[in-house]
Each structure stands twice: as structure tokens, then as C-alpha cells.
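Below, each value reflects all heavy atoms present in this structure, side chains not excepted, and no hydrogens, waters or symmetry copies. All residue numbers in this chain count up from 1 along the given sequence.
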Amino acid sequence: MCYFRPFHAMILHQINQRGVNMKKRRLGSTLMILVVMFLSIACHSSNQGTPDSDAAADTVKNPAKSSAGDVDLKNSSKMTDPIVNDPGVFPICQEKTDISVGVVQSMQVEDYETNWLTQEMEEFTNMNLVFSVFPFKDAKQKLEIQINSGTELPEILTGFRMDDMDILNYGSQGVFLPLNHYIDDLGAEVQDAFSRVKAKDLKGLITSADGNIYYLPKYTEQMGDQFSQRQWINQTWLDKLNLEMPATTDEFTEVLKAFRDRDPNGNGKKDEIPYTGGQNWQGSSADAIMNAFIYDDAATVNVKPRWLLKDGKLDVPYNKPEWKAGLKYANMLVKEGLLSPLCFTQDEEQLTKLLENGDRSMVGVYTGGNFFFGPKNKRKLEYKPLPPLTGPKGVCYTAYYPSLPSSYFIITKDAKHPEAAFRFGDAMTSKDFALKNRFGEPGVDWKEPGPNDKGLYEGLGFKPIVVPILPWGTIQNKHWEGELNVVMEMGTEDGMAVNVDDPLYGELFIAEAVPFYIDHGPEEYVDMIKYTADETEQVKDIQMSLVTYVNESMARFITGDLDLDTQWKSYLKELEKIGLKKFLEVSQTAYSRTHK
């Protein structure tokens, strides 16, 4: 029996019943606005014509007119840069102006300079975007080297996903500019975005402990992101071997042994890889396994502490007996040749090549938030979602990632035209550019739904508002793969329509998976902790050391480089030596203050 609280039932109940008491969940603030956001989006969609209509064209020319026309800018006359036009007047710059942009490379973006969205933004703003592209794997580290060496920084940084500690640290040092007065004086679209998600207090969420706002957020409310710790199993292999979908860790072990021993790909060789993952978005097989033993909300891409929460009290899972039991189970899988150690090292590109390799499937089960197949690769039809597994003690969790803002748009101290840079970021926050940055060119890469279109998530209460044409996750040159400060409220991405003519459409597989996971979130979870500058100074190094040590130890215990029987106590002592007790004490103070 799984221990869980019914997320799915709760969500549908909130759609039909207002005022549900959710005092144990911070998810409530998001869900309480679900109806309002949905109706707002539905009305917005019903009042628009096609993407090629005059109304849509006017939105492109002046998004402030259409989506933020009622916003009252406090001191719009206080502009000092003579090259910048007045608020609401476009293009932003009176003359062609170079603006340097540091962007984190997306594997799916072909060329930022020639990208359709780039050309659209440059024409709209009268800017020439000069790119510094940072490698995805170590973008933050390379940026920190530039900061510490005094190298001139790009004027705008986007996609670096810095945590609140880093934001406050660099902001208080003057490396990142505070944006408060820009938001008040020039931020029509940003203020409109705040109002669209006002019950979530987006402005409060992006405000640092010193009262300053140092970034414009990427913020999307989407079920597929909130329940993105997914696993996929080769249903063709299950059928061939006459096996049922595993529901427990014991059943899972037996299925993996069958994948290893019974030649499910039929090539006469024992070359199958029963189970793997990677260092891609939510691709950690080890963390997925752990949720059958104890709650584990680790995120592969956004390195973060793992938290437990009960009755408002913070704790961590990685010093508990249940964590040790999960490590022991995963270690057994590696010893038996069932879990590939490559799951700790391979990246998204390597995992995709492994999945698509040769003329026969090689992988039985893999972990990943995305589906990791090319848009026309038919092998993806062999795979189905693997529901969360139940462990020996009846534990059956999946990680829940609440909708939170990410620090996607930062203006640095080296900005020559900070007002122009901010107005660029403000324009990108508009609904119009949010859709373009997510879906591409209107009328070409996406269109508005017709009366017969069915939404991917209609079963969860979301009607279709957009019909994607360009497949998500493919290498393309039409948008930035969402890597900008877009704000999309609940119902926007979940309002995608089903592409019924394409059974290989990747979003179909994700939409099929989500319902298996939404009933398995924790009863309480940590969404955000805002540390003061003094608290940040106390715990920043401790947090990084803990995250690094826990991740490294997890891999070493599972692969057998560390012995659980003889070295577990030494591991626990090292956690305390790093400063776990102090980390919990300071974090509890900050958490209690954040959520008082």
C-alpha cells in the first residue's frame, strides 16, 4: 500500500470546490487560483483571432497595449538614457544599439544569432544582440570565474538559474543591478505578470531578503514540470517476455533480471542494458529509486538540497536508515548488472544516442523528465510510463517540484544601457513573447485551436488554447527553448492540444505519464527559503559542501566504491563535520520567517 495524499483528486476538487482547507500544503496558493487563471486564459483565447490576425499583429508591435495597458507606471518620466524611447513606444531604442547577452546553451537551439526569435526580438527592440554562449554543463562555474577575475560581463545574463543565495550575494556586491525602480517606472509587462499570478505573490517570491529584486523570473505553472521525475519502461519487451508492469521494488528487480537474461531485443546477444539514466533533466535513476524508501526531491539540473518537512520542521533524508536501505537496494542492482553505472556520468546527448542506437532497442528502463527521442524516431512507441514503485515498507513517493521562479534575466554592473536592457526584459515577459519563446512562430510553429481540438490535459480540467506544430525537444532555430524570463500561468502549457495526426508527438507521452505521478507527492514540502545576507554567509559553503558530498557518496555507495556495512557511520560523521546541524538550524530560522 502506498502512502500518499491524492493530488489528482485534490486538484479536481479545487476546480469544483472553492475554499478547501490546505493548511498542510503550500501548493494551495497555486491551486486556489487555478479557476481564475484558466478563465482568464480561456477568455483571452476566445477574444483573439488567428495568430495572423490584425489583433495578433498589433500585439507584436506593442505588447504593452494589449496585455499591460491598464498598468500605471509610477515615474515613467524619470528615464535618463536618451537612446531609449518612452514606455509603451516601440521599438525600444531610437537607434540600433548593441546589447551583449550571456546565454546558457540549449542543446535544442541551433544558432542564437540566426534564430527566428532573435530576429523577432531585434526588430521589435531595435537592438543588436551580441551573444556570449556559456556551455550547459558548467555555465555557472564559468560565470563565477569571470566575476571573480574582474572580466567584463555581458550586460544581460539569462538562463543561469542561480539560487537565492548567489543572487543576494552578487546583488549586495553590486555585480547584479537592483531592478526595483525599473519595475516601478518602466515595467508594464512585469507588473502585468505579477497580477496574472497575484495569488502566488510572484513579486514577493523574487524579492531578496535585503528587499531588492535582482532578476526577472522565468515562471511557469505546469503539471508536467511539477511532476517531472519520470521513468520509462520498454512495454514491447514486457509484452514479448509476458511480464506485467512492475509495481514494487521486488517486481521491478525481477523484470530487470528478465531484461538482462532473456534477450528481449531478439538479437541473440546478451547486450541489453536493463536500467539507466543520466545527468539530464530529472534523469537521476538513484533519486527515483530512493522515493520507494524515503522522500527525495533532488533535481538533477538545478542542484538543490534535499528536504523533508513535517509540521513545519525541516529535516533531511540522507542521514536516515531509510536512505541507507535505498542505497543498499540500488547497490544490489549495480552488482547484479541491472543498473548501469553510466547513469551517474552520461549526459542527455549520450543517453539519447544510447536509446536510439542501432536497429534494435538496447535499454529496458530509463529515467528522465523528457522523452529523449528524436521527433520521428519510431522506437519511442516501445516505451510507456513506469508508475512510482512501492518499496518494502510501503513507501511510494514521487518528487514534487512546486512552481517557483527561476533567476532567468539579470542585468549586470557592466550594462552600458541598463534602461534599454530592462525594457528588453520587460517586453520578453509579455504573453505574446512567452508564447513565441515556448512554441515559436505564430501560424507556422503553432496555431490557435479549432472547435474539434482536444487538450492534452483536458482530463485535469485544462481546455486547449494552443496547437503546437513544431515538436518540442527537437533541434530547431525558431525559439530559445523557453530559456528566457517568460511567465506562463496555470493552463497555458497545460492548454496544449493533442496532435492527433502524429502518434510520435513527444508531448503525448508526457501527458500520458503525468496522471501516474500526481497522486504520489508528499503531504508537506519545502518550496522556498529566503536567507538574509548574514544567514547566507553562514550556510552557503555548508550547503554546497553537503550537496556535493551527498551526491558523490550516493554514487560511490551505489557503485560499490564505498561499503555500506563498514563506511556508513563514517559518512554520517562527515555530514556532521561539514556542518549539517548548523545548516538545519539556520535554515529552520529562515524557513519559519519566510512562511510566517
What are the two closest non-hydrogen atoms of [X] and [Y], and how far apart are they?
{"X": "Glu458", "Y": "Pro464", "value": "OE2-CD, 3.3 Å"}
{"X": "Asp414", "Y": "Glu155", "value": "O-CG, 3.8 Å"}
{"X": "Asp453", "Y": "Ala497", "value": "CB-CB, 4.2 Å"}
{"X": "Phe124", "Y": "Ala427", "value": "CE2-CB, 3.8 Å"}
{"X": "Pro154", "Y": "Val101", "value": "CB-C, 3.9 Å"}

Should [X] and [Y] count as side-chain neighbours, where that means a heavy-atom distance under 4.5 Å?
{"X": "Gln222", "Y": "Met488", "result": "no"}
{"X": "Lys203", "Y": "Ile213", "result": "yes"}
{"X": "Val486", "Y": "Thr429", "result": "no"}
{"X": "Val498", "Y": "Leu508", "result": "yes"}
{"X": "Phe160", "Y": "Ser407", "result": "no"}
{"X": "Ile529", "Y": "Trp307", "result": "yes"}
{"X": "Thr158", "Y": "Val104", "result": "no"}
{"X": "Ile518", "Y": "Leu460", "result": "yes"}

May I have the step-by-step check of side-chain contact (heavy atoms from CB on, under 4.5 Å) for Ile167 and Ser208, ending in yes or no? CA-CA 8 Å; Ile167 292 294; Ser208 292; 3.9 Å; yes

Does the ring center of [X] lie less than 6.0 Å from the ring center of [Y]?
{"X": "Phe462", "Y": "Tyr457", "value": "no"}
{"X": "Tyr170", "Y": "Tyr214", "value": "no"}
{"X": "Trp472", "Y": "His479", "value": "yes"}
{"X": "Tyr400", "Y": "Phe227", "value": "yes"}

Checking side-chain polar atoms at under 3.5 Å, does [X] have a donor or acceptor matched by the opposite partner on [Y]?
{"X": "Glu144", "Y": "Asn148", "result": "no"}
{"X": "Tyr219", "Y": "Glu221", "result": "yes"}
{"X": "Glu483", "Y": "Ser106", "result": "no"}
{"X": "Ser406", "Y": "Tyr215", "result": "no"}

Within the distance-only criterion (no hydrogens, no angle test), does the side chain of [X] pair as donor or acceptor with the backbone N or O of [Y] below 3.5 angstrom?
{"X": "His595", "Y": "Met528", "value": "yes"}
{"X": "Asn85", "Y": "Phe90", "value": "no"}
{"X": "Gln476", "Y": "Lys478", "value": "yes"}
{"X": "Asp138", "Y": "Gln141", "value": "no"}
{"X": "Asn437", "Y": "Ala434", "value": "no"}
{"X": "Asp86", "Y": "Val89", "value": "no"}
{"X": "Thr594", "Y": "Lys530", "value": "yes"}
{"X": "Glu535", "Y": "Thr532", "value": "yes"}
{"X": "Asn485", "Y": "Tyr408", "value": "no"}
{"X": "Gln543", "Y": "Lys540", "value": "no"}

Asn169 vs Gln173, test: side chain to side chain donor-acceptor pair (under 3.5 Å). Steps then yes/no. CA-CA 6 Å; Asn169 180 39; Gln173 293 178 36; 2.7 Å; yes

Which residues pass the side chain to side chain contact (heavy atoms under 4.5 Å, CB included) test with Lys380, not counting sequence neighbours? Phe371, Phe373, Leu504, Phe509

Arg438 to Trp480 six-membered ring, cation-pi geometry met (6.0 Å, 45°): no

Just how far is it from atom [atom1] of [X] to atom [atom2] of [Y], taken to the nearest 0.5 Å?
{"X": "Thr118", "Y": "Met127", "atom1": "OG1", "atom2": "CE", "answer": "13.5 Å"}
{"X": "Thr412", "Y": "Gln146", "atom1": "OG1", "atom2": "CD", "answer": "10.0 Å"}
{"X": "Asp225", "Y": "Met223", "atom1": "CG", "atom2": "CE", "answer": "10.5 Å"}
{"X": "Thr492", "Y": "Arg196", "atom1": "OG1", "atom2": "CZ", "answer": "7.5 Å"}
{"X": "Leu202", "Y": "Phe194", "atom1": "CG", "atom2": "CZ", "answer": "5.5 Å"}
{"X": "Thr536", "Y": "Tyr531", "atom1": "OG1", "atom2": "OH", "answer": "8.0 Å"}

Could you walk me through whether Met162 and Phe176 pass the side-chain contact (heavy atoms from CB on, under 4.5 Å) check? CA-CA 12 Å; Met162 289 192 168; Phe176 300 159; 3.8 Å; yes

Please step through salt bridge (charged side-chain N to carboxylate O under 4.0 Å, His left out) for the pair Lys137 and Glu348, ending with a clear verdict. CA-CA 11 Å; Lys137 283 186 178 180; Glu348 180 177 331; over 6 Å; no

Evaluate Val130 against Ile99 for side-chain contact (heavy atoms from CB on, under 4.5 Å), listing each step before the verdict. CA-CA 6 Å; Val130 182; Ile99 297 288; over 6 Å; no

I'd like to know if [X] and [Y] make a salt bridge, using a cut-off of under 4.0 Å between side-chain N and carboxylate O.
{"X": "Glu152", "Y": "Lys413", "result": "no"}
{"X": "Glu441", "Y": "Lys436", "result": "no"}
{"X": "Asp192", "Y": "Lys431", "result": "no"}
{"X": "Asp297", "Y": "Arg306", "result": "no"}

Asn180 meets the side-chain hydrogen bond (donor to acceptor under 3.5 Å, both in side chains) criterion, sequence neighbours left out, with none

Mind checking what makes side-chain hydrogen bond (donor to acceptor under 3.5 Å, both in side chains) contact with Asn128, not counting sequence neighbours? Asp98

Decide side chain to side chain donor-acceptor pair (under 3.5 Å) for Thr207 and Asn212; before the verdict, give the C-alpha distance in whole Å, the side-chain angles of both, and the deciding distance to 0.1 Å. CA-CA 6 Å; Thr207 301; Asn212 284 320; over 6 Å; no

So Gln226 and Ser403, side-chain contact (heavy atoms from CB on, under 4.5 Å) or not? Walk me through it. CA-CA 7 Å; Gln226 293 173 353; Ser403 297; 2.7 Å; yes

